[in-house]
Amino acid sequence: MKISRKDFLRLSGLSLLAVVGKKAIGALAGKGAQSAAALPAVRVTTRWAMVIDPAKCLKEEGCTKCISACHKAHNVPTINDPRHEVKWIWKEPFENAFASQESAYTEAALQGKPVMVFCNHCDNPPCVRVCPTQATWKREDGIVMMDWHRCIGCRYCMAACPYGSRSFNWFDPRPYISELNPDYPTRTKGVVEKCTFCEERLAKGQAPLCVEACPEKALVFGNLADPKSEVRRLLDARFSIRRKPELGTHPEVFYLV
Amino acid sequence: MRDRGVIYTGLLVFLGIITFPMWHDWAAGTTSRGPDPVLPAQEKQCVAPLSTMRTSHMQLLMDWRDGVVRRNVHTYTAFNGRNFNMSLTGTCLTGCHTNKADFCDRCHNYAGVAVYCWDCHVDPKLARRSAK
């Protein structure tokens with residue numbers, strides 16, 4: 001069979017077109033399918049968050065009820081050396097907690113005043129990204145959870161957390177716990193720990209301990225994904241700030257001003 | 001037979017050395033009996049049949065651990081339909097084996113197993129004692 005030069009060129013051109021056309025259609029269809037599959041994952045029904053009213057918190061000076069309730073229940077050791085201390089919830093002076101809000105004219109009412117701080121349970125948690133063993137991860141309801149069984153104590157998460165929310169056990173914490181609570185395990189030397197939004201209480205339908213312990217009801221816990229929840233009502237009605245929002249971590253602990 | 005004394009002395013020493021393990025154990029008071037774990041009085045049936053618990057209780061506890069911590073599942077339905085809260089201290093050591101030292105520890109010591117769970121998980125009995 002003989003084929004003319006003109007026919008050969010025509011056939012080659014057509015085959016090339018067919019190949020390119022198939023690639024283009026495949027890519028378009030593939031993209032479409034992918035975005036459709038990603039849609040359901042966006043729906044979130046529970047997103048736990050905390051709203052704190054520092055003005056209410058300051059009403060009772062020197063109050064540490066939330067701290068002692070949390071630390072007692074979770075067997076958090078009391079170590080006074082700041083290099084070794086372990087803390088889940090603590091007081092931070094306003095200008096340290098909100099370094100980017102601070103100015104020479106920071107309201108006198110706030111200057112040096114303590115603000116309750118703890119793990120922000122970020123929507124985009126940097127600690128989770130760096131953990132090499134998945135000992136810390138973000139649950140579907142937004143809680144940044146810790147699996148103490150998996151923690152190898154590398155402290156990457158502590159370096160990644162911009163809020164200092166995580167503590168390392170430099171030695172066995174048990175001698176520093178005045179009253180052991182057998183219902184919650186302690187930690188050991190070489191493990192990182194932090195607040196878990198009391199997930200063991202949430203599982204039983206109870207609010208976190210700090211919320212319950214506060215006599216002024218300065219801490220409000222709730223579901224951000226529910227438009228009728230109290231946290232949403234507060235955030236809709238009042239202006240709020242978060243710690244270091246410019247870092248893009250999306251903290252889920254809000255402070256009313 | 002002028003060497004009789006030497007021979008019999010040598011034999012006695014030999015017998016003494018070869019039976020040394022028996023003497024040693026007898027003096028130390030050890031026996032070849034099993035660990036004799038003390039069974040709980042208040043419950044007759046564990047969360048799984050005896051044979052399963054004997055061979056796989058560590059696996060079951062690890063499943064509980066991963067269920068509670070990683071999957072937020074807190075209830076275990078046993079083979080006989082009973083429901084249990086999956087908790088090492090709360091269920092195993094509070095509901096049944098209130099004598100961890102006479103049950104878990106006895107067997108683990110016998111088998112030479114070092115269970116590191118107790119570095120964190122609290123034996124309620126010890127906690128009560130330290131609180132006093």
Side-chain angles (χ1 to χ4, degrees), chain A residues 45-46 48 72-77 86 121 128 131 133-153 169 171-194 196-206, chain B residues 40 42-43 47 56-77 83-105 108 113-132:
Chain A
T45 51
T46 312
W48 297 119
K72 212 170 145 187
H74 296 120
N75 288 325
V76 178
V86 176
H121 294 273
V128 167
C131 180
T133 61
Q134 291 178 17
T136 192
W137 76 99
K138 201 180 103 186
R139 295 195 337 185
E140 252 165 50
D141 56 9
I143 292 179
V144 177
M145 185 57 184
M146 262 307 286
D147 186 345
W148 285 282
H149 305 99
R150 269 208 205 180
C151 178
I152 56 170
N169 285 283
F171 30 70
D172 180 17
R174 284 209 179 162
Y176 298 89
I177 303 169
S178 56
E179 212 174 300
L180 264 186
N181 169 19
D183 297 329
Y184 202 84
T186 64
R187 270 69 59 196
T188 46
K189 177 172 147 182
V191 172
V192 172
E193 60 183 86
K194 69 166 194 81
T196 63
F197 262 175
C198 281
E199 59 80 33
E200 81 281 3
R201 287 171 59 85
L202 293 181
K204 289 185 271 179
Q206 295 165 325
Chain B
Q42 63 273 47
E43 288 281 348
V47 299
S56 319
H57 64 281
M58 39 318 237
Q59 197 56 52
L60 180 102
L61 282 171
M62 310 277 178
D63 286 348
W64 280 22
R65 175 192 70 189
D66 293 347
V68 171
V69 179
R70 301 199 75 89
R71 284 178 271 117
N72 200 15
V73 176
H74 290 260
T75 310
Y76 175 76
T77 306
N83 282 334
F84 293 94
N85 178 27
M86 301 201 285
S87 172
L88 181 53
T89 297
T91 302
C92 308
L93 296 191
T94 307
C96 299
H97 307 287
T98 45
N99 50 353
K100 166 176 163 291
D102 289 338
F103 185 75
C104 319
D105 294 357
H108 292 151
V113 186
V115 177
Y116 66 93
C117 316
W118 315 121
D119 292 350
C120 296
H121 290 266
V122 184
D123 179 359
K125 228 177 206 167
L126 297 183
R128 244 174 278 130
R129 197 179 307 149
S130 73
K132 262 177 217 156

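The figures here come from the full heavy-atom set of this structure, side chains too, leaving out hydrogens, waters and symmetry mates. Please read these numbers as outputs of a predicted model, since none were measured by experiment. In the text below, chain A, chain B and the rest are named by the order of the sequence lines, each starting its count at 1.
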Check your understanding: Counting only heavy atoms not in A:Gln134, do more than 12 fall under 6.0 Å of its CD?
Key -> no
Point to revise | Residues, nucleotides or ligands: over 12 heavy atoms within 6.0 Å of A:Lys138 NZ | key: yes
Check your understanding: Where the side chain of B:Arg70 meets the backbone of A:Ala135, is there a donor-acceptor pair that is under 3.5 Å apart?
Key -> no
Review point. If you round to the nearest 0.5 Å, how far is OG of B:Ser87 from CG of A:Asp183?
Key: 7.5 Å
Practice item. Identify which part of A:Trp148 has an atom lying under 4.5 Å from any heavy atom of chain B, answering side chain, backbone, both or neither. Key: neither
Point to revise | Contacting moiety of B:His121, where chain A heavy atoms sit under 4.5 Å | key: both
Review point. Taking only residues two or more places apart in sequence or in another chain, which ones pass side chain to side chain contact (heavy atoms under 4.5 Å, CB included) with B:Phe103?
Key: B:Pro37, B:Leu39, B:His97, B:Asn99
Point to revise | Heavy-atom pair of closest approach, residues A:Thr186 and B:Val122 | key: CG2-CG2, 4.3 Å
Study note, to complete from the structure: Correct closest heavy-atom pair for B:Pro124 and A:Pro182 would be CA-CB, 4.0 Å
Review point. Most heavy-atom pairs under 4.5 angstrom with chain B, which of A:Glu140, A:Arg187, A:Arg174?
Key: A:Arg174
Practice item. Flag the one option from A:Arg139, A:Met146, A:His149, A:Met145 with the top tally of heavy-atom pairs under 4.5 Å to chain B. Key: A:His149
Scan the side chains in residues 198-206 of chain A for donor-acceptor partners under 3.5 Å anywhere in the protein, sequence neighbours excluded, and list what turns up.
unit_1   : atom_1 : unit_2   : atom_2 : d
A:Glu200 : OE2    : A:His74  : NE2    : 2.8
A:Arg201 : NE     : A:Ala207 : O      : 2.8
A:Arg201 : NH2    : A:Ala207 : O      : 3.1
A:Arg201 : NH2    : A:Glu212 : OE1    : 2.9
A:Arg201 : NH2    : A:Glu212 : OE2    : 3.1

